[in-house]
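Structure, as structure tokens:
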Amino acid sequence: VARSVIAEMHSGFVALRTHLPMNVRKDYRAHGHDHAADADIARVIALWKDCRARFGSGGPYLFGGFSLADAAYAPVCFRFRTYGVDPDGSAGDYLRTMLAHPLMQEWEAGARAETASMPAADLYG
């Protein structure tokens, strides 16, 4: 199951990656959402809820303890915050847990210290 969850992140969610590029420094809550991106968002949330319900009893991550699956979804967590995606229930709890993880905090601090702008990640200004 973990392999399929990781594989889906690796090769799927094209609309999410295209219309909601990762940019930790921005607040794009009013941007990026179209039918295809929203369908990808719904699929991610469903996956998170399913993993937490079936395998998450041993901790707050997708399969309980922190794993490669969580690392694969780390950029999605930043995207969700940037674009104002606030899932309910266990998916929301998972998102907040991921964003509070010390490595995520370190990644965010490094991103915020950057001054360069990349047009591909600054689609909305």
Spacing of Ser67 atom OG and Phe55 atom CZ [to the nearest 0.5 Å]: 11.5 Å

Straight-line distance of Leu95 CG to Phe78 CZ, nearest 0.5 Å: 10.0 Å

With sequence neighbours excluded, residues passing salt bridge (Lys or Arg N to Asp or Glu O under 4.0 Å) with Asp38: none

Partner residues of Arg29 under the side-chain hydrogen bond (donor to acceptor under 3.5 Å, both in side chains) criterion, sequence neighbours left out: Asp27

Residues Val44, Val85; criterion side-chain contact (heavy atoms from CB on, under 4.5 Å); working and verdict: CA-CA 11 Å; Val44 168; Val85 177; over 6 Å; no

Pairing residues for Ala39 by the side chain to side chain contact (heavy atoms under 4.5 Å, CB included) criterion, not counting sequence neighbours: none

Approximate separation, where rounding is to 0.5 Å, of Leu99 CG and Phe80 CZ: 10.5 Å

Considering all heavy atoms, the nearest Pro75-Trp107 contact: CG-CH2, 4.0 Å

Gap between atom CG of Asp40 and atom CG of Leu20 - 0.5 Å precision: 9.0 Å

Ion pair check, Arg43 and Asp50, cut-off under 4.0 Å: no

Side chain to side chain contact (heavy atoms under 4.5 Å, CB included) partners of His101, counting only residues at least two apart: Tyr61, Phe66, Leu103, Met104

Residue pairs fulfilling salt bridge (charged side-chain N to carboxylate O under 4.0 Å, His left out) with at least one residue in residues 100-109, sequence neighbours excluded: Arg81-Glu108, Glu108-Arg112

Phe63 versus Cys51, closest heavy-atom pair with distance: CZ-SG, 3.7 Å

Pairing residues for Asp122 by the side chain to side chain contact (heavy atoms under 4.5 Å, CB included) criterion, not counting sequence neighbours: Asn23, Lys26, Tyr28, Ser117

Gly32 to Tyr124 - nearest heavy-atom pair and separation: CA-OH, 3.2 Å

Closest heavy-atom pair and its distance - Cys77, Met98: SG-CB, 3.6 Å

With Arg52 via side chain to side chain contact (heavy atoms under 4.5 Å, CB included) - residues at least two apart: Ser90, Tyr94

Partner set under salt bridge (Lys or Arg N to Asp or Glu O under 4.0 Å) for Arg96, not counting sequence neighbours: Asp86, Asp93

Heavy-atom pair of closest approach, residues Thr82 and Val24: OG1-CA, 4.2 Å

Gap between atom NE2 of His19 and atom NE2 of His35 - 0.5 Å precision: 11.5 Å

Residue list, side-chain hydrogen bond (donor to acceptor under 3.5 Å, both in side chains) with Gln105, at least two apart or on another chain: none

Salt bridge (Lys or Arg N to Asp or Glu O under 4.0 Å) against Asp34, all qualifying residues, sequence neighbours excluded: none

